[in-house]
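The next block holds one structure in the form of C-alpha cells; read it before the comments.
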Amino acid sequence: MAKEIKTIGVLTSGGDAPGMNAAIRAVVRAGIASGLSVKGIRRGYAGLMEEDIFDMGTMSVTDIVQRGGTILFTSRCKRMMTPEGQKQAADICRNHGIDGVVVIGGDGSFRGAQKLSENGINTIAIPGTIDLDIACTEYTIGFDTACNTAMEAIDKVRDTSASHERCSIIEVMGRTAGHIALWCGISNGSEYVLIPERHKESDEQAIIEKIQSKRRIGKKHHIVVNAEGVGNSYEMAERIEAATGIETRATVIGHIQRGGNPTCRDRVYASAMGALAVDLLLEGKTNRVVAYTDGEFCDYDIDEALAMTKDIDQHLYSMTKRLSR
Ligand code: ADP
Ligand code: F6P
C-alpha cells in the first residue's frame, strides 16, 4: 500500500535557474491546497544535512513567481554523495516528519533524489537548469529565460560590432551542452555556432574562411556564438584577428544568463511541474522525475531518466549552417 503523505519538503540544488521560484511557489501552494504541510529546506542537500528546515505557508511564497534565483538558496554538497550522508539526509527527513521531498535541480541533484528514495523518503525531481541537458525532457526550468537574456545581450554586441566593422566572438553558458548556443545562433543570425557536441579541430579555420568570404561579398561585421565548453573565447578572438586582419573582440556573457525575471514560459511550465510533483507525491509515487515531452507534462523513473542520452537538435544545427551561408 502506498505510504500516506502528510508533510512534504522542497529544496533547490545545483546551479540555480530562473523559474525555480515559480516551481517552489507551485509546490507550496499545490501542497497546501491538497491539505499537506510544506517545509522548505534551505541550501539544497547541504541545508538538509544541517537541518535548515522551516515551515512554509501561503505567504512564504507570495511575490516570488516573477523573481529569478531561488528563495531557498542552493548549493553543492559532497556529503550527499556518500552512503552515510544519504542515510543521514533520509533520517533527518523522518525526524522532521517529512514523508516526501521535491528536489528542483539538474541531473546531479536527481542522483541525490534517487538516494533519498532508496533510503525510504518518497522523492520527486523537477528539472531545473538553464542548460536543457536533461535527456528525458524537452523543457528544463530556466532555459527559455537564459536564451532570451543571451539573445538580447548578443543583439547589443551586434550593434557595436556593426559600428566598428568588427568580428565578435560571444560566449554563452554551457560547459557540456550547446543548446543555448544553438538557439542564440539562430535567433541572433550568427555566422557560426560552436557547440561541444559537434566541435571539430577544423572549426576555427572554417570560421576564418567564412569571415573572409563574407567580407568579399560585402558583409561588414560578423557574429560567432561560442558555447563555454568549446574553448577560450579571448584566445580564439586573437587567433581570428591575426588570421583575418579583421578587428575581433570576445564577449563572455557569463552568469547574467542565470539570473533575471523568468519569461512567461518559464513561469508557467515551472508552475505546472511544481504542481505535478505534488500530485505524484499524493499518488504515493517516488523516484520519479517530472518532464515535458511531446506537448505534455509527464513523469519518468529517475533511474531510467538518468540512463537516457540527449543529443543536440541536428535539424536546428544543420539549419544554422544553411541560413548563414
Ligand atoms: P546539478 O543538479 O545542477 O546537475 P550538481 O551536479 O552539482 O548540480 O549536483 C548537485 C548536488 O547533487 C551535488 O552537490 C550533490 O549534493 C548531489 N549529487 C550529485 N551527484 C550525486 C550522486 N551521485 N549521489 C548523490 N548525490 C549527488
Ligand atoms: O549548469 C548550469 C551552468 O550555468 C552551466 O551552463 C555552466 O557551465 C555552469 O553552470 C557554471 O557553474 P558555476 O556557476 O558553478 O560556475
Side-chain angles (χ1 to χ4, degrees), residues 11-20 23 41-50 52 68-70 72-90 92-93 101-119 121 123-137 140-147 149-150 153 170-184 194-197 225-233 252-260 266 287 289-290 302-303 305-307 310 312:
L11 63 83
T12 48
S13 165
D16 67 347
M20 279 184 165
I41 301 164
R42 291 194 189 90
R43 291 179 295 104
Y45 298 118
L48 178 57
M49 301 290 176
E50 290 159 14
D52 195 351
T70 159
L72 291 177
F73 304 97
T74 184
S75 71
R76 295 189 166 100
C77 170
K78 286 214 176 103
R79 186 161 166 75
M80 190 63 192
M81 311 242 202
T82 66
E84 304 75 45
Q86 292 152 11
K87 183 176 177 307
Q88 183 191 351
I92 289 170
C93 288
V101 176
V102 178
V103 170
I104 307 166
D107 54 4
S109 303
F110 294 2
R111 292 179 200 282
Q114 192 182 37
K115 296 299 171 192
L116 269 184
S117 184
E118 279 173 22
N119 280 276
I121 302 297
T123 311
I124 307 294
I126 296 181
T129 169
I130 64 164
D131 290 342
L132 194 68
D133 60 346
I134 308 272
C136 69
T137 182
T140 62
I141 295 173
F143 174 71
D144 193 54
T145 306
C147 281
T149 301
I170 305 164
E171 184 175 308
V172 298
M173 273 189 159
R175 211 171 283 151
T176 56
H179 302 282
I180 297 177
L182 181 56
W183 279 62
C184 286
L194 291 162
I195 54 175
E197 296 88 340
V225 177
N226 180 33
E228 181 187 357
V230 169
N232 186 300
S233 299
V252 177
I253 304 177
H255 284 82
I256 288 171
Q257 293 158 97
R258 284 246 295 269
D266 272 328
N287 202 46
V289 54
V290 172
I302 294 186
D303 304 19
L306 287 172
K310 182 179 205 167
I312 207 80

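Just so we're clear, the structure is a prediction, and the values are computed from it rather than from any experiment. Index from 1, following the sequence. Atoms within each ligand, like the ligands themselves, are counted from 1 in listed order.
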Original post:
Should I180 and L132 count as side-chain neighbours, where that means a heavy-atom distance under 4.5 Å?
Top reply: no

Original post:
More than 12 non-hydrogen atoms from neighbouring residues, nucleotides or ligands closer than 6.0 Å to NZ on K310, yes or no?
Top reply: yes

**OP:** For the residue pair F110 and I134, establish whether any side-chain heavy-atom pair is separated by less than 4.5 Å.
**Re:** yes

Original post:
Does the distance from a Lys or Arg side-chain N to an Asp or Glu carboxylate O, for E118 and K115, drop under 4.0 Å?
Top reply: yes

Original post:
Would a 4.5 Å heavy-atom cut-off, applied to side chains only, mark E50 and I92 as touching?
Top reply: no

Original post:
Is there a side-chain contact between D303 and Q114, using heavy atoms and a 4.5 Å cut-off?
Top reply: yes

Subject >> Side chain to side chain, V290 and I124, heavy atoms closer than 4.5 Å >> reply: yes

What does the N/O contact table under 3.5 Å look like for ligand 2?
residue  : atom   : partner : partner atom : Å
ligand 2 : 1 (O)  : D131    : OD2          : 2.7
ligand 2 : 4 (O)  : R258    : NH1          : 2.8
ligand 2 : 6 (O)  : D131    : OD1          : 2.7
ligand 2 : 6 (O)  : D131    : OD2          : 3.4
ligand 2 : 6 (O)  : G174    : N            : 3.2
ligand 2 : 8 (O)  : E228    : OE1          : 2.9
ligand 2 : 8 (O)  : E228    : OE2          : 3.1
ligand 2 : 10 (O) : R258    : NH1          : 3.1
ligand 2 : 14 (O) : H255    : NE2          : 2.8
ligand 2 : 14 (O) : R258    : NH1          : 3.0
ligand 2 : 14 (O) : R258    : NH2          : 3.1
ligand 2 : 15 (O) : R76     : NH1          : 3.0

**OP:** For ligand 1, would you mind listing the residues that have at least one heavy atom less than 4.0 Å away, ordered by chain and number?
**Re:** S13, G14, G15, Y45, R76, C77, M80, M81, Q86, G106, D107, G108, S109, R111, G112

Original post:
Does some side-chain heavy atom of D107 sit less than 4.5 Å from a side-chain heavy atom of L306?
Top reply: yes

Original post:
With side chains defined as the heavy atoms from C-beta onward, is the minimum distance between H179 and E197 less than 4.5 Å?
Top reply: yes

